[in-house]
Novice: 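Take a look at the following structure, please.
So that the names make sense, note that chain A is the first sequence line, chain B the second, and so on, each numbered from 1.
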There are 2 protein chains.
Amino acid sequence: MTDIKKTLQKDVNDDALIKSMELMYFGYRDFIAWPDEVLEHYGLGRAHHRVLHFVGRIPGMAVAALLSLLKITKQSLSRVLKDLLEKKYITQKIGRRDRRQRLLYLTAKGVKLLDHITDHQKTHMKKACKEAGISSMNGFWNMLTALLDEHTKEDVINYVDKTHKE
Amino acid sequence: MTDIKKTLQKDVNDDALIKSMELMYFGYRDFIAWPDEVLEHYGLGRAHHRVLHFVGRIPGMAVAALLSLLKITKQSLSRVLKDLLEKKYITQKIGRRDRRQRLLYLTAKGVKLLDHITDHQKTHMKKACKEAGISSMNGFWNMLTALLDEHTKEDVINYVDKTHKE
DNA sequence: TTTTTTATGTCAGTCATATTGACATATTTT
DNA sequence: AAAATATGTCAATATGACTGACATAAAAAA
């Protein structure tokens, strides 16, 4: 009897875990991983969008901070950054305190582009928020926050800090 | 006065949207997109894991159903499937009703591998569930479900149906 | 001041996962 | 018999990541 109960309990937990894992996969895929006509139109990819997004959120961000936040390698970032610099969506300024640093800023053109390419994602997320109800937001945030690893948590804390200082 | 209130209201919403978008990115990345030593050890990638996972959930699944569920092209799937067939993690049986179909099943070896490679993800998700609290689960599921597009929803409904028939 | 560390950039080569379009085969449906 | 379907396969391509090595400039430490 105890064994059966235990097994059932275990199965219920397992189902919840599997449901969570699968929803993460499908939800993320449908939200972000689908080809974006706007990005395509500008000849940019999602990697470019991510850089634009975070530079937009933290103007004057150094390259190293971006690398840490995105957890990609210098080489991966550098190609993306090069494209964005060439196409004048982003500018670099040499750091005043530390002249080795290249501080990143969106140009007016970059801001415009970012707004454009982010737009349908915002719409998508807004629709989901309304559909799921405001009460679902906290659970959603709590779960996702709990999924972050320690390094990301630190970065995100610093990051939120900076966006609020502006 | 009204203008200011409106602007504030708009900003709050926007912040919530941006937070949701960013958490999706970071949460998904840290949950699933990090290099998995177990997968690497077997010379497999995440695409292989996904196939193993869904075939494990729906034994006897046809190739077309898998294509629809994963939303990838035949060519993408075929390479992954070829690897898994060669390495005997999966077997194909010709459909009895429709002899054109190749129905997919995990071998005992495949089941073992799947359990192994899924294990740390389950652990990760379980930890997050405990940390976020059971009450967060519903919001998490609601939001993710609301993010699915119509096609995925249909597939997931069919899918859940089939896993419960077993 | 010299040495070391840090912030950044860059080169060359590789990999995983996806794409498109065309075509082939077997089988079922009309 | 013709059309549609389920699957498989070819060649070529793209994106976004990786590693490892090396270079430069500037800051920090010795």
Novice: Side chain of A:Ala64: nearest nucleotide among C:dT8, D:dT7, D:dA17?
Specialist: C:dT8
Novice: Take atom CG of B:Asp98 and atom C1' of D:dA4, then tell me their distance rounded to the nearest Å.
Specialist: 12 Å
Novice: Rounding to an integer number of Å, can you tell me how far B:Asp83 CG sits from C:dC15 P?
Specialist: 14 Å
Novice: Check every atom of C:dT28, C:dT17, D:dT9 against the side chain of B:Arg50 and return the nucleotide holding the closest atom.
Specialist: C:dT17
Novice: Does OP1 or OP2 of D:dG16 have a side-chain N or O of A:Ser76 closer than 4.0 Å?
Specialist: no
Novice: Separation of B:Arg46 atom CZ from D:dT15 atom C1', in whole Å?
Specialist: 14 Å
Novice: Once you round it to whole Å, what is the distance between P of C:dA12 and NZ of A:Lys74?
Specialist: 16 Å
Novice: Can any side-chain N or O of B:Thr91 pair as donor or acceptor with the backbone N or O of B:Thr107 at less than 3.5 Å?
Specialist: no
Novice: Of all the heavy-atom pairs spanning A:Arg29 and B:Leu69, show the shortest one and how long it is.
Specialist: NH1-O, 2.9 Å
Novice: In whole angstrom, give the distance that lies between atom CG of A:Leu103 and atom C1' of C:dG9.
Specialist: 16 Å
Novice: Quick one: does B:His124's side chain have a donor or acceptor within less than 3.5 Å of a partner on A:Leu147's backbone?
Specialist: yes
Novice: Using atom CG of B:Leu44 as one end and atom P of C:dT17 as the other, report the distance to the nearest whole Å.
Specialist: 9 Å
Novice: Would you state whether a donor and an acceptor, one from the side chain of A:Arg102 and one from the base of C:dT8, lie under 3.5 Å apart?
Specialist: no
Novice: Using whole Å, what does the distance between atom C1' of nucleotide D:dT24 and atom CD1 of A:Ile94 come to?
Specialist: 13 Å
Novice: Taking N and O atoms by type only, does the side chain of A:Gln101 place a donor or acceptor under 3.5 Å from a partner on the base of C:dT8?
Specialist: no
Novice: Kindly say whether, by distance alone, the side chain of B:Gln92 makes a donor-acceptor pair under 3.5 Å with the base of D:dG8?
Specialist: no
Novice: If you group Ile, Leu, Val, Met, Phe, Trp and Tyr whenever their side-chain heavy atoms sit less than 4.5 Å apart, what else falls in with A:Tyr105?
Specialist: A:Leu103
Novice: Distance criterion of 3.5 Å, no angle test: do you see the side chain of A:Arg79 paired donor-to-acceptor with the base of D:dA17?
Specialist: yes
Novice: Tell me the interatomic distance from B:Tyr42, atom OH, to C:dA16, atom P, rounded to whole angstroms.
Specialist: 18 Å
Novice: I'd like to know if A:Arg100 reaches the base of C:dT6 with its side chain such that a donor and an acceptor end up less than 3.5 angstrom apart.
Specialist: yes
Novice: Check if the side chain of A:Gln75 and the base of D:dG20 share a donor-acceptor pair of N or O atoms closer than 3.5 Å.
Specialist: yes
Novice: Strictly under 6.0 Å, is that where the ring centroids of A:Phe26 and B:Tyr28 end up?
Specialist: no
Novice: So if I take every side-chain heavy atom of B:Ala47 and compare against D:dA6, C:dT17, C:dT8, which nucleotide ends up nearest?
Specialist: C:dT17
